[in-house]
Amino acid sequence: MLDLGLPFASGKLEKRGEDRISSTSMALNALFYTWTENGQLISSTPAEVYKCMFAGSEWLMDNVLTGKYKTYNVVFSGSVKSVSDHPFFYPANIIEYLNGTKVSPNCNISCISPDLLDAVNGIFNESDYMQQLKEKHFGEATPETFYGYNTPDNQFMPFWSSEPFTYASAMLALTQYRAYFNNLNDGGH
């Protein structure tokens with residue numbers, strides 16, 4: 001794994017639990033789809049996973065409709081939240097317009113348009129990547145510090161949340177839990 005040694009944001013951690021219902025639901029769904037087959041726990045499921053599935057499901061069942069936690073999730077967020085996460089200022093090995101016209105990374109910010117593809121194809125050679133971190137991209141240095149979202153310098157991070165999506169995800173997780181729980185009582189694993 002490539003260690004870039006980049007510092008983390010040093011802001012104050014705030015625990016709000018705004019997406020706790022949604023995140024728990026999504027995590028449980030991932031665990032159920034990964035570790036069950038035909039309503040039965042796969043025999044190689046680690047005990048820790050088993051405990052997470054059931055403790056998480058019990059927590060969700062106890063909290064999903066209480067109103068204690070918000071039902072926020074991020075269905076979509078603004079693509080660029082700040083200068084520090086603008087995708088065009090990072091290393092890439094494909095820089096071209098949608099019509100195939102190649103663009104020089106030395107081009108200035110005026111070259112950026114909705115038709116510009118700036119991406120990585122395949123596995124980036126580590127030495128090339130490290131070299132590109134030192135270079136400017138579209139006239140800007142690669143950001144190496146992320147200060148977080150919703151900071152005075154970054155303005156705000158727009159996002160759309162769907163309460164029905166959160167409840168549907170929770171219902172799916174609890175339905176899977178119930179189906180598995182019934183199998184367990186019927187002599188399943």
Side-chain angles (χ1 to χ4, degrees), residues 1-9 11-81 84-85 87 90-94 117-130 133 146 148-150 157-189:
M1 181 147 119
L2 180 63
D3 178 13
L4 301 177
L6 301 178
F8 290 98
K12 179 184 170 196
L13 178 64
E14 295 184 27
K15 293 182 181 182
R16 296 187 183 119
E18 295 170 332
D19 69 342
R20 198 167 286 165
I21 299 291
S22 177
S23 296
T24 301
S25 300
M26 295 302 287
L28 286 169
N29 283 318
L31 289 172
F32 278 112
Y33 280 110
T34 302
W35 295 101
T36 62
E37 191 172 87
N38 299 321
Q40 301 229 355
L41 193 62
I42 296 171
S43 61
S44 62
T45 304
E48 295 83 8
V49 172
Y50 176 86
K51 289 176 187 174
C52 285
M53 290 165 59
F54 289 96
S57 296
E58 289 290 329
W59 182 91
L60 187 61
M61 197 176 327
D62 291 344
N63 290 285
V64 68
L65 297 176
T66 64
K68 181 178 177 181
Y69 300 103
K70 294 183 186 291
T71 56
Y72 291 170
N73 58 59
V74 178
V75 176
F76 174 79
S77 69
S79 300
V80 176
K81 284 78 171 170
S84 68
D85 70 351
Y90 288 87
N93 59 13
I94 297 177
L117 175 64
D118 184 72
V120 172
N121 183 27
I123 298 174
F124 216 118
N125 176 294
E126 184 175 353
S127 62
D128 292 343
Y129 184 82
M130 297 308 287
L133 283 176
F146 177 69
Y149 299 119
N150 302 328
M157 181 189 88
F159 73 95
W160 289 259
S161 183
S162 169
E163 189 173 52
F165 180 82
T166 295
Y167 286 126
S169 178
M171 186 168 44
L172 177 60
L174 292 174
T175 299
Q176 291 186 94
Y177 170 67
R178 187 68 180 153
Y180 177 76
F181 181 76
N182 284 342
N183 274 343
L184 189 64
N185 286 340
D186 292 338
H189 184 269

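Sequential numbering from 1 along the given sequence is applied to the chain's residues.
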Give, for atom [atom1] of [X] and atom [atom2] of [Y], the distance between the pair rounded to the nearest 0.5 Å.
X    : Y    : atom1 : atom2 : result
I42  : T34  : CD1   : OG1   : 8.0 Å
Y167 : L65  : OH    : CG    : 6.0 Å
N73  : T71  : CG    : OG1   : 7.5 Å
I94  : N121 : CD1   : CG    : 4.0 Å
M171 : L60  : CE    : CG    : 11.5 Å
Q40  : T45  : CD    : OG1   : 11.0 Å

List the residues meeting side chain to side chain contact (heavy atoms under 4.5 Å, CB included) with T66, not counting sequence neighbours, and say none if there are none.
N63, K68
Closest non-hydrogen atom pair between [X] and [Y], with its separation:
X    : Y    : value
Q176 : N29  : NE2-OD1, 2.8 Å
L41  : W35  : CD1-O, 3.4 Å
S25  : S169 : CB-OG, 3.2 Å

Mind checking side-chain hydrogen bond (donor to acceptor under 3.5 Å, both in side chains) for [X] and listing every partner two or more places apart, or none if nothing turns up?
X    : answer
S22  : none
S57  : none
D118 : none
T36  : none

State, yes or no, whether a side-chain contact exists between [X] and [Y] at a heavy-atom distance under 4.5 Å.
X    : Y    : result
M26  : F165 : yes
T175 : R178 : no
M53  : F32  : yes
M61  : Y177 : yes

Could you tell me how the ring of Y50 sits relative to the ring of Y180: parallel (under 30°), tilted (30 to 60°) or perpendicular (over 60°)?
perpendicular
Which of parallel (below 30°), tilted (30 to 60°) and perpendicular (above 60°) describes W59 and Y69?
tilted
ring-ring contact (aromatic ring centres under 6.0 Å, His included) against Y33, all qualifying residues, sequence neighbours excluded
none
side-chain contact (heavy atoms from CB on, under 4.5 Å) for C52 and L31? Distances and angles first, verdict last.
CA-CA 9 Å; C52 285; L31 289 172; 4.2 Å; yes
